[in-house]
Number of protein chains: 2
Amino acid sequence: MKDKMLKYQRIAEDIEHYIVHNRLKQGDKLPVLEELRRKYEVSKSTITKALELLEMKGIIYQVRGSGIFVRRHKRKGYINLDENQGFRSGLDEFQLTSEVLKLEVMNPSEEVMTNLSISAEEEVYYVKRLRFIHGQRLCIEESYYKKSVVPFLNEQIVSESIFNYLKEGLKLEIGFSDNFFHIGKLTKTEANLLALRTGDPGMYYESVYHLTNGEAFDYSKLVYNFQEAQFYLQINSLS
Amino acid sequence: MKDKMLKYQRIAEDIEHYIVHNRLKQGDKLPVLEELRRKYEVSKSTITKALELLEMKGIIYQVRGSGIFVRRHKRKGYINLDENQGFRSGLDEFQLTSEVLKLEVMNPSEEVMTNLSISAEEEVYYVKRLRFIHGQRLCIEESYYKKSVVPFLNEQIVSESIFNYLKEGLKLEIGFSDNFFHIGKLTKTEANLLALRTGDPGMYYESVYHLTNGEAFDYSKLVYNFQEAQFYLQINSLS
DNA sequence: TTGATAAATTATACCGGTACAATTATAATT
DNA sequence: AATTATAATTGTACCGGTATAATTTATCAA
């Protein structure tokens, strides 16, 4: 769990726990920087780094001349897109299960080659799953993993959280992802899998995940059930 | 334009321009940190800050021990949700126009009171627009602005970019926003406005915008045309 | 040629300092 | 009481330093 956590990470985590544990709400004031610095016995810049991390995560916001405040929104039950590597929603997990429809090694199609920037020779794992949230059909998921990065997958792993396996098992570090989506009408096949009707609304979501060194290793296509899926996204002004 | 730009902002902008101007692509290497430091004649930490900003914007990624690389995805025509304050898509703007359906001062409904954290007495501007992209119906937009923050709006302002007016005209600084969305079927009224059919797919998108001091000032509800709207979202692993 | 080992490169963590800008609290003035 | 000027608070910009971890390159041995 704590492979050798950095100071600022540990502090950020501690402050987040403090916020959650004490049930602080939007706008509540945290101790001032200098006070935090004394408490954790680190330099000012380390505290600043920790707070910056929390700010990016949408946990706090800082106001110059004023203080450090808690940032929280009220709505529950939304999938947080900011941290959708395995659908963790802050601290309380969603109850997700999966039915594996297909698992095989194959050569990439044109589409997969483009999105993963690989040649036709390079092999990929293909995983097709039906995912459930609280027992309801949430989405159809088709994923392609570079075999050179993810050398082994089996039914067992794939029926649980793949990203958890990638991080804990393979010690892969995910750096960033590109995500594309649009709305459309379900085909007959899709509708059948989601227990909906042909032509019903669906959200088509594509992701390309990259390691910290920039290498793309996973291309995934999802089709969401319009009745079950609702999303949250926090956006910070960058300046 | 350059109210008094900070060093790291100016440098970040310069590097971004360099990337665009020289048409660098995904994975291209930028000069090493020490070289940039010499070029811009600033301290290491200022360069670091500039690069951090570019990294958050999804322009570059950095690899320890290796270097600084350009991050670009290929797809065009997607609305970038990361910088959707007025729908700027990087450097090339979308061709957006608006038809104003309603503009008035009113007292907030329960829904608006909740989302803006205000009382029934506080007045808000209500703006309803139909927005077009390249002449096609893109979305219906209903926005509520706190009158205490946005004291004046007129037909002229509202028919153009409201956020541009808020930033340039009122010098408001937007800090962050909470965004919620889900998929559904269009009502008759919505379908009429978007020139679609009742029951066609639609994306329902809600935003709450906050100033840098944390105060919520704008609550907006959008309904997107499924045929026109496609979205892009870059997500960085935070650690 | 291969594969292991060492060295150089490069970004990041962390320190502690000064200066400054935005806000808030206090005092002075009307 | 309300306004205005002043001071204190507080987060941010920027500096330049040491140490370290990840990667790449160079070196050496088999």
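Chain letters run A, B, ... following the sequence lines, proteins first, then strands; residues in each count from 1.
In the model, A/Tyr219 has a side-chain atom that pairs as donor or acceptor with a side-chain atom of A/Glu206 under 3.5 Å. Side-chain contact annotation: A/Ser237 with A/Ser239, donor-acceptor N/O pair under 3.5 Å absent. Side-chain contact of A/Tyr61 with B/Asn213: a donor-acceptor pair under 3.5 Å is absent, judged by distance alone.
Between A/Gln62 and D/dT12 there is a side-chain N or O to OP1 or OP2 distance below 4.0 Å.
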**Message:** Walk along nucleotides 21-26 of chain C from 5' to 3' and tag each nucleotide B, S or - by protein heavy-atom contact under 4.0 Å, base first, then sugar-phosphate.
**Reply:** BBBS--
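Here the C1' atom of nucleotide D/dG11 and the NZ atom of A/Lys29 are 11 Å apart, to the nearest Å. Rounded to whole Å, the distance from CG on A/Leu51 to P on D/dA13 is 13 Å. Rounded to an integer number of Å, the gap from CD of B/Glu34 to C1' of C/dT9 is 12 Å. At whole-Å resolution of the value, CG in B/Leu53 and P in D/dA13 are 10 Å apart.
Proximity of the aromatic rings of A/Tyr205 and A/Phe181 is defined here by a centroid distance below 6.0 angstrom, and this criterion is met. Aromatic pair B/Tyr126/B/Tyr145: ring centres not closer than 6.0 Å. Aromatic rings of A/Phe180 and B/His73 (six-membered ring for Trp) have centroids within the 6.0 Å cut-off, being under it.
Although no hydrogens or angles enter the test, the distance criterion places a donor-acceptor pair under 3.5 Å between the side chain of A/Asn115 and the main chain of A/Glu111.
Within the shown strands, D/dA1 is the pairing partner of C/dT30 under the Watson-Crick or G-U definition, both distances less than 3.5 Å.
With a 6.0 Å cutoff to the six-membered ring centre and a 45° limit on the axis angle, B/Lys146 does not count as a cation-pi contact of B/Phe217. A cation-pi arrangement is absent between B/Arg75 and B/Tyr232 under the rule of less than 6.0 angstrom and at most 45 degrees off the ring axis.
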When you compare the protein's N or O atoms with those of nucleotides 5-7 of chain C, which come within less than 3.5 Å of each other, and at what distance?
none

Atom pairs under 3.5 Å: protein N/O with N/O of nucleotides 14-17 of chain D:
from: D/dC14; atom 1: OP1; to: B/Lys7; atom 2: N; distance (Å): 2.7
from: D/dC14; atom 1: OP2; to: B/Tyr8; atom 2: N; distance (Å): 3.4
from: D/dC15; atom 1: OP1; to: B/Lys7; atom 2: NZ; distance (Å): 2.8
from: D/dC15; atom 1: OP2; to: B/Ser43; atom 2: N; distance (Å): 2.9
from: D/dC15; atom 1: OP2; to: B/Ser43; atom 2: OG; distance (Å): 3.2
from: D/dC15; atom 1: OP2; to: B/Thr46; atom 2: OG1; distance (Å): 2.3
from: D/dG17; atom 1: N7; to: B/Lys44; atom 2: NZ; distance (Å): 3.4
from: D/dG17; atom 1: O6; to: B/Lys44; atom 2: NZ; distance (Å): 2.6

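In the displayed structure, A/Lys29 atom NZ is contacted under 6.0 Å by more than 12 heavy atoms of other residues, nucleotides or ligands. Open room surrounds CD on A/Glu41; 12 or fewer heavy atoms of other groups in view lie less than 6.0 Å from it.
If you check every strand for non-hydrogen atoms under 4.0 Å, B/Ile68 touches sugar and phosphate atoms only.
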